[in-house]
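Worth knowing before you read on, the calculation uses all heavy atoms, side chains too, and leaves out hydrogens, waters and symmetry mates. In the text below, chain A, chain B and the rest are named by the order of the sequence lines, each starting its count at 1.
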Amino acid sequence: MSEERSLNFLEEIIEEDLKSGKYKFIVTRFPPEPNGYLHIGHASSICLNFGLTRKYPGFTNLRFDDTNPVTEETEYVESIKEDVKWLGFEWKHERYASDYFGTLYEYALQLIDKGLAYVDDSSSEEMAAMKGTPTEPGVNSPYRDRTVEENRDLFVRMKNGEFPDGSRTLRAKIDMAHINMLMRDPILYRIKHAHHHRTGDQWCIYPMYDFAHGQSDSIEEITHSICTLEFVPHRELYDWLIEKLEIYPSHQYEFARRNINYTVTSKRKLLQLVNEKYVSGWDDPRMPTISGLRRRGYTPESVREFCDRIGVAKRENMVDVGLLEFCVREHLNKIALRRMVVFDPLRVVITNYTGSGEWLQSENNPEDPQGGSRSVPFSRELYIERDDFMEVPPKKYFRLAPGQMVRLKSAFIIRCDEVIKDEEGKVQELRCTYFPESKSGADTSGLSVKGTLHWVSIQHAVPVEVRLYDRLFRVEDPTDEAGDFKDYLNPDSLKVLPGVYAEPALADAVLSDRFQFIRMGYFVLDRDSQPGKLIFNKTVGLKDAWAKEVKKGG
RNA sequence: UGACCCAUGGUGUAACGGUAGCACUACAGAUUUUGGUUCUGUCUGUUAAGGUUCGAAUCCUUAUGGGUCAACCA
């Protein structure tokens with residue numbers, strides 16, 4: 001209660017409802033259709049629905065909107081449950097719209113008996129022709145005035161499987177001239193002789209969204225049914241059905257879905273990327289799916305923080321993916337174990353180092369005093385990053401250059417004395433001297449350097465594979481460009497570096513570990529790893545002020 | 001040429017008739033054994049025009065701009 005944060009419009013409504021005594025507690029639901037994997041946009045809805053009942057008394061159901069058997073699969077149900085749990089939420093009841101098929105059928109019969117629904121034999125083309133347009137009224141179907149008895153008989157026979165797919169529908173009898181297209185005798189039931197992932201072959205008629213969603217809300221006594229803006233026009237039908245059926249009055253509220261730049265969040269488009277092999281699967285680390293983010297190394301905390309920061313409103317929006325990256329960096333900075341990994345090795349020989357090697361201590365995480373340290377082997381021959389040396393350095397280059405000194409992280413200060421090149425002039429090796437009295441933590445050398453480099457001891461180095469990811473698309477809004485959205489895929493969204501060298505402590509990595517490869521970015525072990533062949537995914541890079549400086553200069 | 005929803009810095013979101021704030025980004029500086037982190041500071045905004053009011057981002061009108069609606073999808 002100490003928090004001063006202002007309420008979003010849904011919280012305002014809820015607080016009002018609670019204060020007025022309209023409800024003692026609230027009930028929300030997260031209603032995915034099991035026809036694809038959840039993405040970052042869904043995360044927003046999950047955090048909203050579950051977050052509300054975490055903040056206010058009440059609970060949230062997980063309800064699968066499984067009314068279209070031809071696109072829905074158990075695989076999706078399982079992935080959705082896993083993703084919601086991973087995000088850190090618990091549902092009160094696990095429900096399915098298909099649980100209510102019997103009740104929904106009874107509801108349909110009631111509407112027929114009230115003269116509020118009829119069986120239509122029109123084809124979908126005929127129906128479309130009679131529907132009118134947003135500016136012109138529709139016309140009544142010739143089947144609109146069938147008797148209650150006839151409608152009942154036909155509907156029962158529809159259910160009994162006497163008619164082929166597409167031959168008949170059950171429609172609500174509202175008003176073909178209604179200004180709201182959805183009120184022009186919307187279809188309630190259609191015939192689909194299809195196998196359903198839960199009810200099998202029990203049914204051959206399936207309710208449409210509008211005759212399932214609101215009724216399911218009502219059956220579960222959902223108080224606040226929260227959906228996205230495109231359902232605003234459906235609300236009139238939602239309310240009409242509840243009123244005519246005289247069932248529990250759930251209420252629908254709409255908020256604007258979140259769009260994020262440089263990606264797509266449409267299940268249809270994501271499915272295409274998967275089916276047409278533009279990515280390795282739903283959990284490809286470049287995908288904006290929850291499973292993709294998880295494999296990429298995002299933490300549930302950071303995704304929740306992101307959803308919290310972008311808030312909830314009703315206006316169109318395009319959230320900068322940079323905010324998501326900020327959130328994950330913020331969390332990972334606190335928890336990631338620091339390790340040294342050289343991506344593009346350049347050999348360094350410490351010419352005055354005569355020992356056989358030694359083990360130095362290095363902190364696991366400077367942000368975490370309790371994090372402890374690990375041992376890192378130092379020896380005469382090391383790898384440093386090729387980028388960390390320049391023969392002719394520009395101004396303000398704090399890394400290694402002929403005659404210049406740097407500190408090797410957690411080790412010694414070295415000076416570059418000699419550059420060894422091959423016939424083509426490519427730098428092969430650096431000859432350096434080290435200053436024994438500059439040892440990290442016990443530095444009495446009096447030397448001071450501007451740069452600190454990461455490094456690995458060649459004889460102790462563990463070869464690993466690193467997969468570097470960049471945004472999947474090269475434009476902010478691929479769906480807003482001319483032509484196919486796939487034309488705007490970023491060809492450099494994945495770079496595999498098969499031979500990079502890590503300090504030995506990394507060999508013990510497990511899937512749940514989060515690492516910061518010092519000066520390189522945040523990484524996580526990939527599930528493709530084999531014993532002896534570790535693969536790391538780049539979650540996100542570190543902010544890079546030097547790269548920015550270089551860019552400005554050139 | 002209809003109905004509905006929406007309009008605050010580059011982005012996202014507050015201000016509920018009374019000082020336009022916060023976060024991200026960008027920029028500048030300090031600190032730093034990660035050019036990371038941390039800290040300090042700076043830039044940028046109420047779509048427009050009328051009206052109501054002592055006072056309008058907020059209320060009213062009109063305009064403009066964006067979005068949604070004519071699937072047996074959800």
Point to revise | Nearest to side-chain heavy atoms of A:A313, which nucleotide of B:rG36, B:rC73, B:rU13 | key: B:rU13
Practice item. Answer with base, sugar-phosphate or nothing: what part of the nucleic acid does A:K192 contact at a heavy-atom distance below 4.0 Å? Key: sugar-phosphate
Check your understanding: Within the modelled atom types, does a donor on one side and an acceptor on the other bring the side chain of A:R399 and the base of B:rG35 under 3.5 Å apart?
Key -> yes
Review point. With respect to the side chain of A:K552, which nucleotide from B:rA28, B:rG12, B:rC24 is positioned closest?
Key: B:rA28
Exercise for review: Take the protein atom CE of A:M318 and the nucleotide atom C1' of B:rC6, then report the distance between them rounded to whole Å.
Suggested key: 16 Å
Check your understanding: How many Å lie between CG on A:L324 and P on B:rU13, as a whole number?
Key -> 15 Å
Exercise for review: Would you please classify the geometry between the A:Y107 ring and the A:F211 ring as parallel, tilted or perpendicular, with 30° and 60° separating the classes?
Suggested key: perpendicular
Point to revise | Any N/O donor-acceptor pair, A:H234 side-chain to B:rA74 base, under 3.5 Å | key: yes
Review point. Does A:R415 use its side chain to pair, donor to acceptor, with the backbone of A:F435 at less than 3.5 Å?
Key: no
Review point. For A:E33, which contact category applies under a 4.0 Å heavy-atom criterion: base, sugar-phosphate, or nothing?
Key: sugar-phosphate
Review point. 5'-most contact on RNA chain B: A:N317 or A:P366, nearest heavy atom basis?
Key: A:N317
Review point. Is any side-chain N or O of A:K548 closer than 4.0 Å to OP1 or OP2 of B:rA26?
Key: yes
Exercise for review: Give a yes/no on whether any side-chain N or O of A:R190 is located under 4.0 angstrom from OP1 or OP2 of B:rA74.
Suggested key: yes
Exercise for review: Give one of base, sugar-phosphate or nothing for A:N68, where a contact means two heavy atoms less than 4.0 Å apart.
Suggested key: sugar-phosphate
Point to revise | Separation of the P atoms in B:rU64 and B:rU1, to the nearest angstrom | key: 14 Å
Study note, to complete from the structure: Separation of B:rA74 atom C1' from A:E230 atom CD, nearest Å, is 9 Å
Point to revise | C1' gap between B:rG12 and B:rU31, integer Å | key: 30 Å
Point to revise | Euclidean distance for C1', B:rU42 against B:rU25 (whole angstrom) | key: 14 Å
Point to revise | Touch class at under 4.0 angstrom, heavy-atom based, for A:F398 against every strand present | key: base
Check your understanding: Between B:rC69, B:rU13, B:rU34, which one does the side chain of A:P134 approach most closely?
Key -> B:rC69
Review point. What interatomic distance, in whole Å, is found between P of B:rA14 and the corresponding atom of B:rU33?
Key: 42 Å
Check your understanding: Of the nucleotides B:rG35, B:rG36, B:rA74, which has the atom closest to the A:E367 side chain?
Key -> B:rG36
**Study point:** Pairwise P distance for B:rC4 and B:rC24, with rounding to whole Å
**Key:** 40 Å
Exercise for review: Side chain of A:I179 only, please: which of B:rC72, B:rU34, B:rA3 is the nearest?
Suggested key: B:rA3
Practice item. Could you check how far NZ of A:K543 sits from P of B:rU32, rounded to whole Å? Key: 19 Å
Exercise for review: Mark yes or no for whether A:W203, through its side chain, and A:K159, through its backbone, hold a donor-acceptor pair below 3.5 Å.
Suggested key: no
Study note, to complete from the structure: Closest to the side chain of A:R338, out of B:rG36, B:rU13, B:rG35, is B:rG36
**Study point:** Atom pair distance, as rounded to whole Å: CD1 in A:I518 and P in B:rU37
**Key:** 14 Å
Review point. Ignoring hydrogens and angles, are the base of B:rU34 and the side chain of A:T452 linked by a donor-acceptor pair under 3.5 Å?
Key: no
Practice item. Round to the nearest Å and state the distance from A:L447 atom CG to B:rU33 atom P. Key: 14 Å
Exercise for review: Indicate, with a heavy-atom threshold strictly under 4.0 Å, whether A:V70 touches base, sugar-phosphate, or nothing.
Suggested key: nothing
Check your understanding: Whole Å only: how far is the CZ atom of A:F326 from the P atom of B:rA26?
Key -> 11 Å
Check your understanding: Of the nucleotides B:rA74, B:rC5, B:rU34, which has the atom closest to the A:L229 side chain?
Key -> B:rC5
Review point. Would you call A:R144-A:D185 a salt bridge at under 4.0 Å N-O?
Key: yes
Review point. Under the criteria of a ring-centre distance below 5.5 Å and an interplanar angle below 30°, is A:Y209 stacked with the base of B:rA74?
Key: no
Point to revise | Note, A:R171 side chain near A:P186 side chain (heavy atom, < 4.5 Å) | key: no
Check your understanding: A:Y76 and A:H197: aromatic ring centres closer than 6.0 Å?
Key -> no
Review point. Is there a donor and acceptor pair closer than 3.5 Å between the side chain of A:Q516 and the base of B:rU34?
Key: yes
Check your understanding: Looking for any heavy atom pair under 4.0 Å, which part of the strands does A:F231 touch: base, sugar-phosphate only, or nothing?
Key -> base
Point to revise | C1' spacing across the pair B:rA49 / B:rG65, given as an integer number of angstrom | key: 15 Å
Review point. With respect to the side chain of A:R258, which nucleotide from B:rU8, B:rG12, B:rC72 is positioned closest?
Key: B:rG12
Exercise for review: Examine distances only and state if a side-chain atom of A:R407 and a backbone atom of A:S448 form a donor-acceptor pair shorter than 3.5 Å.
Suggested key: no
**Study point:** Quiz item: A:R407 side-chain donor-acceptor pair to B:rU33 base, under 3.5 Å
**Key:** yes
Revision key, fill the gap. From the candidates B:rG35, B:rA74, B:rC5, the one with an atom nearest any side-chain atom of A:K314 is B:rC5
Review point. Less than 4.0 Å between a side-chain N and a carboxylate O, is that true for A:R63 and A:D99?
Key: no
Review point. Taking only side-chain nitrogens and oxygens of A:S123, does any of them come within less than 4.0 Å of OP1 or OP2 of B:rC72?
Key: no
Review point. Within the structure, does a side-chain N or O atom of A:R315 lie under 4.0 Å from either OP1 or OP2 of B:rU8?
Key: yes
Practice item. Write down the distance between CD1 (A:I260) and P (B:rU13), rounded to a whole number of angstrom. Key: 12 Å
Point to revise | Beyond-backbone contact of A:F343 with A:V341, side-chain heavy atoms, under 4.5 angstrom | key: yes
Check your understanding: Among the nucleotides B:rC72, B:rG36, B:rA28, which one has an atom lying closest to any side-chain atom of A:L542?
Key -> B:rG36
Exercise for review: Can you tell me, in whole Å, how much space there is between the P of B:rC6 and that of B:rU13?
Suggested key: 14 Å
Review point. Taking the C1' atom of each, how far is B:rG17 from B:rA57, in whole Å?
Key: 11 Å
